Structure formats: structure tokens, C-alpha cells
Amino acid sequence: MTVDSFLQAAVSTVPQGTVWSYGIALVAGIMASAVCPCTLPMGLGMASVVGSYETQKRRSGMAVALAFFFGIVINLTVLGTIAGKLGELLTEAFGQYWAIGMALISFAAAAFAFLGPRLKTPQLENFRRPGVIGSFIYGFIFSLGTSVAPLFLLLTVAAAQRSVETGFIIAVFFGIGRGVPFLLIGLFAGLITKFAELSVWRRTIQALSGVSLLIVGGYYFNVYLSLT
Amino acid sequence: MNKLITFGLFFTLSLAIPLTNLHAQQSSASISNVKTVILPIEGMTCVSCVSGIKKSLKNMLGVTSVAVDLKGRNAKVTYIDGLTSPEAISKKISELGYKVGKPVETSK
């Protein structure tokens, strides 16, 4: 069963505006994460960023994972309320800009993963805040290119464009469903990294994070090339 | 000498004209073989899906251009009939994990 057929079957059988319809939006978000080809590379990227931050400062990985999660939820909530404009985000031209943007952000995160441990403390302090904000932006931009199509279909099938309020609530639940897998991946990666007490492991995690982010950057660059 | 040059010119022209016609016929045959089809696709969620389908179809022998519409959930494929077919294109998309609807032939 595809996400499309699930949405069409589920939404048509459930009355709009009920708790069930919001549950469907939540499941649709999780399903979109399960079938989307971007989930695997992005999950790897997410775990790498969290691991990279956790080795530098305890509990910062959790903040980074939460920031990424809220980036997804807030973006999709905003998009749900402006449902009529969603179509503009589904063009190939927009996809090209999005893919190159994701590649650049991933490469920048890789650079930080490699260079982070070598920075002196005052410099690291300056980088800490943008780390959380950067992760929020990462989640925000990520959901622009990967979650709009199922959300658009969900709103179209539910005919929610007519009601801004319903569109808003559906988008919130869809966003939570879309973001939860990444939040879990991030929290798990943070937990694993927490046990890496020895400096030799920290360095290994840092190097693995950097390499993983380079792979993620390469993946999105390849997506960009395929669209040009 | 002049006769030889005149003969040479006529000979070259007599060869060139049929060759030009043959080339024109081949071009028109190729053009008449170029077809465009729209295939509805279910299951695309993101730009990566668009990129994957596009890349895969572009590599098919006989496919000349591909445009994937995420909003309309379809792909518009131009191909050379004889080298490939809508069935083969549908099969390729299905192999990628998407559900393909009935192809609709279109005039560009």
C-alpha cells in the first residue's frame, strides 16, 4: 500500500475534524518517513550531528535532536495553514534549489564535526548556540523538500484548504508523525554517545559523524545533479 | 577538360540529391516515431523520489526526455517508439517501488 492509497482510503472513511482524522494525519506522517528515500540518509545525518555535539558537551545532543524535530513540526504547521501555496514547493525547479541547499548544509555540518574538537573553548562557545539553531534550520529546510507532497495530498483529500483551523491541526499532527522517527534516532544516538567516555571513542565518533555527513551531502548533491 | 569537370559536377549532384532525400526521409521517420506519454505515479513523497525516477528513466534506451510532476503525481516521458514502449517505462518505474497507472499518450 502506498501513502497515497492509504490517505485516500483512510480520509474518505473518517469524518473530518474528529480525533480519528488527526490520528490519520499522525500515521500519515510516520508512513511518509517510513517510505521516503530521504529518511535513511537524513537519519544518518541526524545521528551524526547529535553524536558530534554530544561528544563536545553533555546533553547538547538532545537539544540538537529536539531543535531538528521542532524545525520539522513548525515548518509543516506553517505550510498547513497556507495550503493554497503548497503547489509552488512541488516544482522541479524548487527541488533543485532545495537539494543543493541540503547538500551545502550537510557539508557545513561535516566540516564542523571534523573541526569542532580542535576549536578552543571560547570559539566552541560561539558555535554552541548556532548548533541548536542550525539544527532547527536543518529540520525546517529538510521538511520543505521531503514532506510537502504527502501533506499536500492529505489536505487535498481532506478538503481542509477551506478551513485554516483544520489545516493547521492536521499539519501539526502530520509534522509530529514526520518528526518523531528523527527525534527517536537523535535521542538514541545521544544515548549511545553518552557511553563514549574514553577520548579515543570520542574522536572515533567525531570522525564517523564527519564522514557520515559528507555522505549525506554527497547524496543530496547527487539528487541535485539528477534534477538538472 | 571542361567536359570532365561538367561530368564530375553532374555526377556529384546526382549522388547528392538522392542522399539528401534519404536523410530527409530518415529524419521524418525518426520524428514520426517520437512519442510522448503521461504516466500517473502513486507513492512519490519527495524530491529524492523525483530525482530517482528521472535518473532511472533517462538511462533507458529510447527515452529522450523526462519531466516528473510531484504535484500532479505523474511523469511525462518522450521516447522513440521501437526502441522502448510505455509498458517498459511503466515496468521500470514499478521496479523502483511506485505504483504506475494507465499510460496516456499525448501530443507533446
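Nothing here was measured: the structure is a model prediction, and the numbers come from that model.
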**OP:** Indicate whether the side chain of B:S85 and that of B:Y79 have a donor and an acceptor atom separated by less than 3.5 Å.
**Re:** no
**OP:** Establish, from distance only, whether the side-chain atoms of A:T39 and A:S33 form a donor-acceptor pair under 3.5 Å.
**Re:** no
Subject >> Under 4.5 Å from any heavy atom of chain B - which part of A:F94 >> reply: neither
Original post:
With a 4.5 angstrom heavy-atom cut-off, which part of A:T228 approaches chain B: side chain, backbone, both or neither?
Top reply: backbone
Subject >> Proximity breakdown for B:I41 and chain A, heavy-atom pairs closer than 4.5 Å >> reply: backbone
Subject >> Heavy-atom proximity to chain A below 4.5 Å, by part of B:K54 >> reply: side chain
Original post:
Do the two ring centres, one from A:F142 and one from A:F182, sit under 6.0 Å apart?
Top reply: yes
Original post:
Is the ring centre of A:W98 less than 6.0 Å from the ring centre of A:Y220?
Top reply: yes
